[in-house]
Undergrad: 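Structure in structure tokens, see below.
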Amino acid sequence: MISVIDRSIDVSEVLASVRDTSAGAIDLFIGTTRDVSRGKKVKFLEYEAYGPMAQRQMEQMVQEAFGKWKVHKISIVHRIGRVALGEASVVIAVSSAHRREAFDACRYLIDTLKRDIPIWKKEYFEDGAVWVGLEGSQPHGSEPRNG
Amino acid sequence: MKVTVCLFAAVREMANTSVLTMELPVHAPASMVLESLMRSYPAIRAYQGYLRIAVNREYVGETHLLEENDEIAVIPPVSGG
């Protein structure tokens with residue numbers, strides 16, 4: 001299960017999708033929307049995606065994870081649209097025979113997602129809204145930063 | 001050649017459109033998309049050095065040569081998760 005959806009994420013469904021009787025571990029990462037950013041109170045968030053590219057890039061990073069670690073199943077679901085505070089914006093589940101591979105693959109997937117997948121978050125405050133991403137990111141040269 | 005460029009997030013709002021049509025020389029490098037965009041919308045210069053280009057749903061370098069009918073997108077710093 002790899003998808004970008006515009007409704008709330010059913011965490012148990014993502015978890016069930018990686019269950020495997022040969023797995024001894026399932027690692028589940030849930031990214032949730034936080035109520036404070038830049039020292040200000042956030043009211044809600046909105047996510048936007050370049051859907052077809054996000055889908056393709058997520059499928060590629062999953063294939064890369066399968067190549068790097070011995071894991072059984074991987075699922076990633078990212079939510080877009082308006083998301084209330086405390087709700088899941090992304091869920092990643094990885095099953096493997098042993099825990100280390102699941103942990104490592106899961107960390108790789110969320111780190112890669114945050115760096116490369118074309119999805120954007122806008123934080124809404126009492127006094128305005130800000131697209132997140134420019135601050136804290138590095139300028140890059142002419143080479144693509146991929147994978 | 002005419003190319004279509006998709007814009008997202010902050011850049012989409014600065015240009016006030018999600019899709020632009022640009023007239024570029026045949027086999028123009030991807031960097032020309034950014035140059036043309038910043039000429040038309042100077043506010044986007046705030047993102048200079050931070051924008052990536054995707055062609056047909058893959059990131060490319062600024063020297064990548066564009067073809068007619070390519071699906072081109074300008075990718076501001078991402079913030080999913």
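Letters A, B, ... are given to chains in the order of the sequence lines, protein chains preceding strands, and every chain is numbered from 1.
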Undergrad: Quick one: what part of B/E13 sits under 4.5 Å from any heavy atom of chain A, side chain, backbone, both or neither?
TA: side chain

Undergrad: What part of B/A30 gets within 4.5 angstrom of chain A, counting heavy atoms only: side chain, backbone, both, or neither?
TA: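 Contact with chain A involves no heavy atom of B/A30 at all.
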
Undergrad: Pick one of side chain, backbone, both or neither for A/A49, based on which atoms fall under 4.5 Å of a heavy atom in chain B.
TA: backbone

Undergrad: Pairing donors with acceptors under 3.5 angstrom, does anything connect the side chains of A/D10 and A/S12?
TA: yes

Undergrad: Mind ranking B/A54, B/S79, B/G80 by heavy-atom pairs under 4.5 Å with chain A and telling me who comes out on top?
TA: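 Going by pairs under 4.5 Å, I would pick B/S79.
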
Undergrad: Cation over ring, A/K40 on A/F125, under 6.0 Å and within 45°?
TA: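 Because its charged atom sits under 6.0 Å from the ring centre and within 45° of the axis, A/K40 does stack over A/F125.
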
Undergrad: Is the ring centre of B/F8 less than 6.0 Å from the ring centre of A/W120?
TA: yes

Undergrad: Pick out which of A/T21, A/I26, A/D20, A/V94 makes a side-chain contact (heavy atoms from CB on, under 4.5 Å) with A/H72.
TA: A/D20

Undergrad: Using non-hydrogen atoms and a 4.5 Å limit, figure out which bit of A/Y50 sits close to chain B: side chain, backbone, both or neither.
TA: both

Undergrad: Please flag which part of A/K121 lies under 4.5 Å from any non-hydrogen atom of chain B: side chain, backbone, both or neither.
TA: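 For A/K121, heavy atoms of backbone and side chain both lie under 4.5 Å from chain B.
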
Undergrad: Should the pair B/K2-B/E68 be classified as a salt bridge under the 4.0 Å nitrogen-to-oxygen rule?
TA: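 Answer for the salt bridge query: no.
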
